[in-house]
Amino acid sequence: MASTEIMTVNMGPQHPSTHGVLRLVVELDGEVIQKITPHIGYLHRGVEKLSEHRTYHQTLPLTDRLDYLAPMSNNLGYVLAVEKLLGIEVPERAQTIRVIMAELTRLKSHLVWIACHALDIGAMTVFIYAFREREKVMAIYEKISGARMTSNYFRIGGLSSEVYDGFERDVKEVVDTFPGHFDTYEGLLTKNTIWVQRTVGNGVISAEDAIDYGITGPALRGSGVDWDLRRDNPYSGYEKYNFQVPVGKNCDTYDRYKVRLVEMREAVKIIKQALDSLKPGPILADAPQVCYPPKDDVYNTIEGLIHHFKIASEGFPVPEGEVYQSVENPKGELGYYLVSDGGNKPYRMRIRPPSFVNLGAIEKMAKGAMIADLVAVIGTLDIVLGEIDR
């Protein structure tokens, strides 16, 4: 009579599909997964503790290092939380530009997801195409903020500066050309025999289990749960935009792939509506104790320079209290819990990162599958270790 023995293997942190610094201890019966234990913490960034020793403005650049594929989405959640503590209202133009940049961020994040997910499963052409399209968004990022990856453009109370000349033209090019690129991805993958065999029925997690595990974002909607913070708990004026929230039916890797594809198309629709509604106006709230002076010649006057550096270095007092603010990050619900003791630094900051929470369900999704299918499960979660090891 044949006997079996459980074998324990390490998948990662060097494995290319584990995204850099994720180690999975996998227990196998032959090639069948019996148990998975994620080991994290190789980055040890300490962002939450670092924020206690920095002013509210100085903490902002720490947030775009969390999910470095979606920096402005991270910035947006943080500035909204501080603005809620302060009770200040951001001008309409600034809110509209924030929405445009947040949806461009969703596009560039999902493009990296589909590129790497496809490459993990063996489809190299999509990888090359998606990174080609991503460069269009990266160019806008660089022009508007000066950085391609850890971009920092949003500010507490509004934006760091007015958009550059040609911004609307560049964004319109994205809106006009990207739907055709999405058609190309679908033509390469959606009915591809290998893609279907590797994704259909793989990584199944029911709606009930997804909710119990706290999964959010496309991974949750792929399980048929119709929930999107932009629509159901709107911020930055998202209630003004008309867009569809896609949901899956079969709760598998293939459905999550389809959901993200539709989300990219819907992001383009939101950007188009935001461009059409973009009107002239101020980009900073009327709160001089918080915002840099909203004048074009601020850097050309001694008074303006002094005020600028004083706010940046010394900060500003924030009323005592505590808030929680969440946004629909490309990976799911990104939340900031901020506590103020009345000083110029956060007394406590706690981040609710979607990648960290979603990763907790990996054993539920992969148990009983083949070891080769684990690569597809990791890809369908679209995790970034920067926010897991925050």
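Throughout, numbering of the chain's residues begins at 1 and tracks the sequence.
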Asker: Keeping Arg256 on the side-chain end and Gly203 on the backbone end, is there a donor-acceptor pair under 3.5 Å?
Answerer: yes

Asker: Quick check on the hydrophobic clustering: are Tyr213 and Val357 connected, directly or via other members, by side-chain heavy-atom contacts under 4.5 Å?
Answerer: yes

Asker: Specify the closest pair of heavy atoms between Leu62 and Ser51, including all atoms of both residues, with the distance to one decimal.
Answerer: CD1-N, 4.2 Å

Asker: Taking the side chain as every heavy atom from C-beta outward, state whether Tyr235 and Glu328 have any pair of such atoms under 4.5 Å apart.
Answerer: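 Sidechains of Glu328 and Tyr235: in contact.
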
Asker: If you draw the axis of the six-membered ring of Phe356, does the NZ or CZ of Arg390 fall within 45° of it and under 6.0 Å from the ring centre?
Answerer: yes

Asker: State, with a plain yes or no, whether a side-chain heavy atom of Leu359 is found less than 4.5 Å away from one of Ile388.
Answerer: yes

Asker: Relative to each other, are the rings of Phe178 and Phe182 parallel, tilted or perpendicular (30° and 60° limits)?
Answerer: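 Taking Phe182 first and then Phe178, their aromatic rings stand perpendicular (interplane angle over 60°).
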
Asker: Could you walk me through whether Arg93 and Val163 pass the side-chain contact (heavy atoms from CB on, under 4.5 Å) check?
Answerer: CA-CA 11 Å; Arg93 179 174 176 80; Val163 296; 3.8 Å; yes

Asker: Taking the side chain as every heavy atom from C-beta outward, state whether Arg231 and Tyr241 have any atom pair closer than 4.5 Å.
Answerer: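 Heavy-atom side-chain distance check fails, nothing below 4.5 Å.
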
Asker: Would Lys172 and Asp276 pass as an ion pair if we require N to O under 4.0 Å?
Answerer: no

Asker: With heavy-atom distances below 4.5 Å as the criterion, would you say the side chains of Phe154 and Met72 are in contact?
Answerer: yes

Asker: Side chains of Asp373 and Thr253, heavy atoms from C-beta outward: is any pair under 4.5 Å?
Answerer: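 Answer no - side chains too far apart.
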
Asker: Rounded to the nearest 0.5 Å, what's the gap from CD on Glu103 to OH on Tyr238? Could you check?
Answerer: 3.5 Å

Asker: What are the two closest heavy atoms between Ala372 and Arg198, and how far apart are they?
Answerer: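 Looks like O-NH2, 3.0 Å.
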
Asker: Under a 4.5 Å cut-off applied to non-hydrogen side-chain atoms, are Leu80 and Glu83 in contact?
Answerer: yes

Asker: Given the ring of Tyr141, does Lys108 sit roughly above its face, with NZ or CZ under 6.0 Å from the centre of the six-membered ring and within 45° of the axis?
Answerer: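 Output yes; distance and angle both within limits.
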
Asker: Tell me, please, whether Trp113 has Arg260 positioned over its six-membered ring: NZ or CZ under 6.0 Å from the ring centre and within 45 degrees of its axis?
Answerer: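 Satisfied, under 6.0 Å and within 45°.
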
Asker: So, the side chain of Arg352 versus the backbone of Glu333: is there a donor-acceptor pair under 3.5 Å, distance only?
Answerer: yes

Asker: Run Glu387 and Ser355 through side-chain hydrogen bond (donor to acceptor under 3.5 Å, both in side chains) and show every step you take.
Answerer: CA-CA 7 Å; Glu387 66 174 21; Ser355 292; 2.7 Å; yes

Asker: Report, as yes or no, whether the 6.0 Å neighbourhood of atom NZ on Lys364 holds more than 12 heavy atoms from other residues, nucleotides or ligands.
Answerer: no

Asker: Does Asp226 offer a backbone N or O that forms a donor-acceptor pair with the side chain of Arg221 under 3.5 Å?
Answerer: no

Asker: Main chain of Gly41, side chain of His44: is a donor-acceptor contact present, judged purely on distance under 3.5 Å?
Answerer: yes

Asker: Please check: side-chain N/O of Ser277 versus main-chain N/O of Ala274, any donor-acceptor pairing under 3.5 Å?
Answerer: yes

Asker: Could you walk me through whether Lys143 and Phe167 satisfy the side-chain contact (heavy atoms from CB on, under 4.5 Å) test, starting with their C-alpha distance in whole Å, then the side-chain angles of each, then the deciding distance to 0.1 Å, before giving a yes or no?
Answerer: CA-CA 8 Å; Lys143 289 179 185 178; Phe167 169 76; over 6 Å; no

Asker: Any salt bridge linking Glu135 with Arg148? Criterion: basic side-chain nitrogen under 4.0 Å from a carboxylate oxygen.
Answerer: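 Salt bridge present between Glu135 and Arg148.
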
Asker: Check whether the ring centres of Trp195 and Tyr257 lie less than 6.0 Å apart, and answer yes or no.
Answerer: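 Judged by ring-centre distance (under 6.0 Å), Trp195 and Tyr257 do meet the cut-off.
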
Asker: Would Lys35 and Thr8 count as having a side-chain donor-acceptor pair, cut-off 3.5 Å?
Answerer: no

Asker: Is it the case that the side chain of Asn250 and the backbone of Asp252 share a donor-acceptor pair, with hydrogens and angles ignored and the cut-off at 3.5 Å?
Answerer: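 No: the side chain of Asn250 does not pair with the backbone of Asp252.
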
Asker: Atom CD in Gln95, atom CD1 in Ile283: separation rounded to 0.5 Å?
Answerer: 13.5 Å

Asker: Are any non-hydrogen side-chain atoms of Pro319 and Leu86 less than 4.5 angstrom apart?
Answerer: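 Yes, side chains in contact.
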
Asker: Tell me, yes or no, whether the heavy-atom count around Glu31 atom CD, taken from other residues, nucleotides or ligands under 6.0 Å, exceeds 12.
Answerer: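 For Glu31, atom CD is not crowded (no more than 12 foreign heavy atoms under 6.0 Å).
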
Asker: Can any side-chain N or O of Asn74 pair as donor or acceptor with the backbone N or O of Asp67 at less than 3.5 Å?
Answerer: yes

Asker: Name the residue from Val323, Ile351, Thr59 that meets the side chain to side chain contact (heavy atoms under 4.5 Å, CB included) definition with Leu338.
Answerer: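 It is Val323; the other options fail the test.
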
Asker: Would a distance-only check, ignoring hydrogens and angles, find a side-chain to backbone donor-acceptor pair under 3.5 Å from His117 to Ile378?
Answerer: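 A pair under 3.5 Å: no.
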
Asker: Do other residues, nucleotides or ligands put more than 12 heavy atoms under 6.0 Å from the CG atom of Asp286?
Answerer: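 No, the 6.0 Å shell around CG holds no more than 12 heavy atoms from other groups.
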
Asker: Check the side chains of Tyr254 and Asn202 for a donor-acceptor pair under 3.5 angstrom, ignoring hydrogens and angles.
Answerer: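 There is no such pair (donor and acceptor under 3.5 Å, judged by atom type) between the side chains of Asn202 and Tyr254.
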
Asker: Take Asn75 and Thr63, measure what side-chain hydrogen bond (donor to acceptor under 3.5 Å, both in side chains) needs, and give me the verdict at the end.
Answerer: CA-CA 6 Å; Asn75 296 156; Thr63 63; 2.8 Å; yes

Asker: Between the side chains of Arg155 and Asn152, is a donor N or O closer than 3.5 angstrom to an acceptor N or O?
Answerer: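 Yes, side-chain donor-acceptor contact under 3.5 Å.
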
Asker: Is Thr380 reaching over with its side chain to a backbone N or O of Val377, donor-acceptor style, under 3.5 angstrom?
Answerer: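 Such a contact is absent between Thr380 side chain and Val377 backbone.
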
Asker: Find out if a path of hydrophobic residues (ILVMFWY) with successive side-chain heavy-atom gaps under 4.5 Å connects Val375 to Met7.
Answerer: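 The answer is yes; both residues are in one hydrophobic cluster.
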
Asker: What's the verdict on side-chain contact (heavy atoms from CB on, under 4.5 Å) for Val174 and Ile140, showing C-alpha distance, side-chain angles and the deciding distance?
Answerer: CA-CA 10 Å; Val174 169; Ile140 296 173; 4.1 Å; yes

Asker: Is there side-chain contact between Ile33 and Val26, with at least one heavy-atom pair below 4.5 Å?
Answerer: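 Ile33 vs Val26: side chains touch.
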
Asker: Out of curiosity, Ile271 CD1 to Ile100 CD1, how far, rounded to the nearest 0.5 Å?
Answerer: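 The CD1 atom of Ile100 is 7.5 Å from CD1 of Ile271, to the nearest 0.5 Å.
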
Asker: Nearest 0.5 Å, please: how far is CD1 in Ile114 from CD in Glu133?
Answerer: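 Separation between the atoms: 10.5 Å.
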
Asker: Let me confirm one number: the CD1-CD1 distance from Ile362 to Ile205, rounded to the nearest 0.5 Å.
Answerer: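 Nearest 0.5 Å value for the CD1-CD1 distance: 11.0 Å.
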
Asker: Run the salt-bridge test on Glu322 and Arg350 with the 4.0 Å N-O cut-off and return the result as yes or no.
Answerer: no

Asker: Linking I/L/V/M/F/W/Y whenever any side-chain heavy atoms sit under 4.5 Å apart, do Leu159 and Tyr56 land together?
Answerer: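 The answer is yes; both residues are in one hydrophobic cluster.
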
Asker: Under 3.5 Å, is there a donor-acceptor pair between the side chain of Glu263 and the main chain of Pro246?
Answerer: no

Asker: Using the rule that Ile, Leu, Val, Met, Phe, Trp and Tyr join whenever any side-chain heavy atoms are under 4.5 Å apart, tell me whether Tyr324 and Ile88 fall into a single cluster.
Answerer: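 Result: no, two separate clusters.
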
Asker: For Tyr164 and Asp170: C-alpha separation, side-chain torsions, deciding distance, then whether side-chain hydrogen bond (donor to acceptor under 3.5 Å, both in side chains) applies.
Answerer: CA-CA 10 Å; Tyr164 62 88; Asp170 290 347; 2.7 Å; yes

Asker: Start with the C-alpha distance between Thr96 and Lys279, add both sets of side-chain angles, then the distance that settles side-chain hydrogen bond (donor to acceptor under 3.5 Å, both in side chains), and finish with yes or no.
Answerer: CA-CA 9 Å; Thr96 304; Lys279 301 174 183 176; over 6 Å; no

Asker: Find the distance between CD1 (Ile215) and CG (Asp209) and round it off to the nearest 0.5 Å.
Answerer: 8.5 Å

Asker: Do Glu52 and Tyr347 have side-chain N/O donor and acceptor atoms under 3.5 Å apart?
Answerer: no

Asker: Before accepting this row, confirm whether a basic side-chain N of the pair Asp255/Lys249 lies closer than 4.0 Å to the acidic partner's carboxylate O.
Answerer: no

Asker: Run the numbers on Asp183 and Arg265 for side-chain contact (heavy atoms from CB on, under 4.5 Å), then give the verdict.
Answerer: CA-CA 10 Å; Asp183 292 340; Arg265 296 184 187 276; 2.8 Å; yes

